[in-house]
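Below is one structure, written out as structure tokens; the observations come after it.
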Amino acid sequence: MAAPAWSRWLVPPAALSVHLAIGQAYAWSVFKPPLESALGLTGTQSALPFQLGIVMLGLSAAFGGTLVERNGPRWAMFVSMTCFSSGFLLSALGVITRQYWLVVLGYGFVGGIGLGIGYISPVSTLIKWFPDRPGMATGIAIMGFGGGALIASPWSAQMLSAFGTETTGIATTFLIHGIVYAVFMSMGVLLVRVPPEGWKPSNRQPSAAKASPLITTADVSARNAIRTPQFYLLWIVLCCNVTAGIGILEKAAPMITDFFAGTTAAVAAGAAAGFVALLSLANMAGRFVWSSTSDLIGRKNMYRVYLGVGALLYLVIALAGDVSKPLFIVCALGILSFYGGGFSTVPAYLKDLFGTLEVGAIHGRLLTAWSTAGVLGPLIVNAIADAQENAGRSGPALYTTSLFIMIGLLAIGFIANELIRPVHERFHERPAQRQEPAEKGQAV
């Protein structure tokens with residue numbers, strides 16, 4: 001627990017130390033070619049550690065959320081650090097002994113648990129320290145997860161270049177990753193604090209947030225939250241928004257190449273890679289900018305922008321994306337910024353609806369929407385593109401159907417967002433049900 005004079009602004013750096021580390025997961029592709037060459041793997045086999053890691057992220061966040069709330073952020077960050085770093089050490093052992101199942105077990109299973117616990121570890125604490133700016137606070141942390149790959153990708157590539165891409169070089173790179181990330185994440189473990197009982201910020205809440213009818217002064221437990229229609233409506237909102245964003249992110253380089261193939265504005269491989277980097281920056285920036293904006297205009301209004309404006313941007317790409325390269329790029333950057341913003345705004349939306357009692361556990365359960373979207377988005381875009389290519393089509397025609405499906409999904413998410421109302425008081429926790437004394441609250 002923090003001392004009375006302790007600054008709450010030390011909590012975001014603690015959260016960033018964890019999220020910047022576990023964001024390395026988005027840089028797994030750097031290891032795929034060396035592993036395939038050194039161990040004789042197929043592309044499907046080399047992708048298995050990453051795929052299992054994302055699955056374990058969703059499962060550990062969903063099932064471990066209650067433990068995170070019960071044991072606190074320091075425990076959660078320590079578990080995340082131990083699992084994530086141990087995953088790299090097991091992977092190093094697997095590579096040096098040529099036992100690829102150890103890489104899958106280490107990075108995918110053990111490391112994936114570290115991903116999920118680490119992702120939700122600071123959420124509840126940040127919201128308790130920043131009740132006046134919950135969107136900004138969670139945006140800072142979750143921005144780190146989006147930006148972790150920007151650090152990890154060149155760092156990993158440089159180490160592989162220095163140590164070599166044979167088994168010894170890959171194992172050494174994994175070993176250094178495990179040690180460095182353990183040291184880096186331990187900063188968060190040592191720095192994080194929970195606020196003293198009864199602590200409140202000296203400044204007032206933003207007037208726009210205070211006026212929102214969705215913000216409750218009551219608390220809802222994780223068990224009760226999953227019984228409310230608001231939870232499932234928000235699940236649909238997040239799933240639709242993420243599906244639409246990941247559809248472009250996963251296919252970004254070939255998509256821009258295909259859209260302008262055969263024109264005077266043809267896109268080379270290097271330019272396509274630069275486009276992917278721009279999308280990553282938009283994803284990261286959106287997590288902070290749009291989430292902070294939600295503190296001023298409200299979470300429901302912010303998701304109206306993500307879903308409504310996002311659908312319009314998809315429509316522009318579908319109808320006129322091949323007319324102008326700058327137009328295509330600007331629309332794609334907007335969609336990816338909304339994709340990132342959706343991730344970082346949702347914890348604050350949960351806090352508005354369900355209070356702060358078990359918001360981390362509720363957030364963990366909601367992240368199953370991410371797991372679902374991670375399958376749906378690439379499946380829709382790739383399956384339809386393959387079918388269109390087999391039918392003899394090329395260029396933008398490969399993606400037109402997918403783009404209109406994404407527009408439909410965003411429209412469904414928009415409707416679900418409009419249906420969200422304040423949580424009924426029958427789901428609120430009563431003082432007798434709480435372990436600590438608390439004043440009975442009601443929805444504003």
Side-chain angles (χ1 to χ4, degrees), residues 17-54 56-57 80-112 114-115 118 144-186 249-250 252-254 268-281 283-284:
S17 72
V18 173
H19 272 244
L20 281 171
I22 63 176
Q24 185 278 336
Y26 280 150
W28 173 254
S29 59
V30 174
F31 294 108
K32 280 173 60 66
L35 285 171
E36 291 168 15
S37 176
L39 300 181
L41 306 174
T42 65
T44 301
Q45 289 173 323
S46 67
L48 187 56
F50 172 77
Q51 292 172 324
L52 180 59
I54 296 301
M56 292 308 301
L57 186 158
S80 174
M81 177 194 72
T82 302
C83 291
F84 190 65
S85 298
S86 297
F88 276 109
L89 300 183
L90 280 172
S91 297
L93 179 63
V95 172
I96 202 67
T97 59
R98 305 185 70 86
Q99 299 294 318
Y100 188 60
W101 66 272
L102 272 175
V103 180
V104 177
L105 174 68
Y107 190 92
F109 184 80
V110 178
L115 288 177
F145 190 82
L150 295 178
I151 299 172
S153 292
W155 180 48
S156 301
Q158 187 174 9
M159 279 198 287
L160 288 170
S161 176
F163 299 126
T165 55
E166 298 301 319
T167 53
T168 303
I170 299 171
T172 303
T173 302
F174 279 148
L175 178 64
I176 293 175
H177 272 66
I179 295 172
V180 171
Y181 279 131
V183 173
F184 190 69
M185 295 172 76
S186 67
L249 184 62
E250 193 271 341
F275 173 63
V276 174
L278 279 177
L279 292 182
S280 297
L281 288 173
N283 175 15
M284 182 176 68

- Query: For the residue pair Phe88 and Phe84, does the interplanar ring angle fall in the parallel (under 30°), tilted (30 to 60°) or perpendicular (over 60°) class?
  - Reply: perpendicular
- Calculate, to the nearest 0.5 Å, the distance between atoms OH and OG belonging to Tyr181 and Ser186 respectively. 14.0 Å
- Note on the structure: The complete set of salt bridge (Lys or Arg N to Asp or Glu O under 4.0 Å) pairs with one or both residues in residues 167-180, sequence neighbours excluded, reads none
- Item | Of all pairs that satisfy salt bridge (Lys or Arg N to Asp or Glu O under 4.0 Å), the ones with a partner from residues 23-41, not counting sequence neighbours | Lys32-Glu36
- Can you tell me if Ser86 uses its side chain to pair, donor with acceptor, with the backbone of Cys83 under 3.5 Å? no
- Message: By the salt bridge (Lys or Arg N to Asp or Glu O under 4.0 Å) test, which pairs, at least two apart or in different chains, include something from residues 149-159?
- Response: none
Got a list of side-chain donor-acceptor pairs under 3.5 Å for residues 145-174, not counting sequence neighbours?
| residue | atom | partner | partner atom | Å |
| --- | --- | --- | --- | --- |
| Ser153 | OG | Ala149 | O | 2.9 |
| Ser156 | OG | Ala152 | O | 2.8 |
| Ser156 | OG | His177 | NE2 | 2.8 |
| Thr172 | OG1 | Thr168 | O | 2.8 |
| Thr173 | OG1 | Gly169 | O | 2.9 |

- Task: Compare every heavy atom of Met185 with every heavy atom of Ser80, then report the nearest pair and how far apart it is.
- Result: OG-CE, 3.4 Å
- Item | Those residues that, when tested against Leu89, pass side chain to side chain contact (heavy atoms under 4.5 Å, CB included) (two or more places apart) | Leu175
Compile the donor-acceptor pairs under 3.5 Å between side chains in residues 93-109 and protein atoms, sequence neighbours left out, one pair per line.
| residue | atom | partner | partner atom | Å |
| --- | --- | --- | --- | --- |
| Thr97 | OG1 | Leu93 | O | 2.7 |
| Thr97 | OG1 | Gly94 | O | 3.4 |
| Arg98 | NH1 | Ala38 | O | 3.4 |
| Arg98 | NH2 | Ala38 | O | 2.8 |
| Gln99 | OE1 | Trp101 | NE1 | 3.0 |
| Tyr100 | OH | Gln45 | O | 2.8 |
| Tyr107 | OH | Gln24 | OE1 | 2.7 |

- Query: So, does Trp28 use its side chain to make a donor-acceptor pair with the main chain of Ser46 at under 3.5 Å?
  - Reply: yes
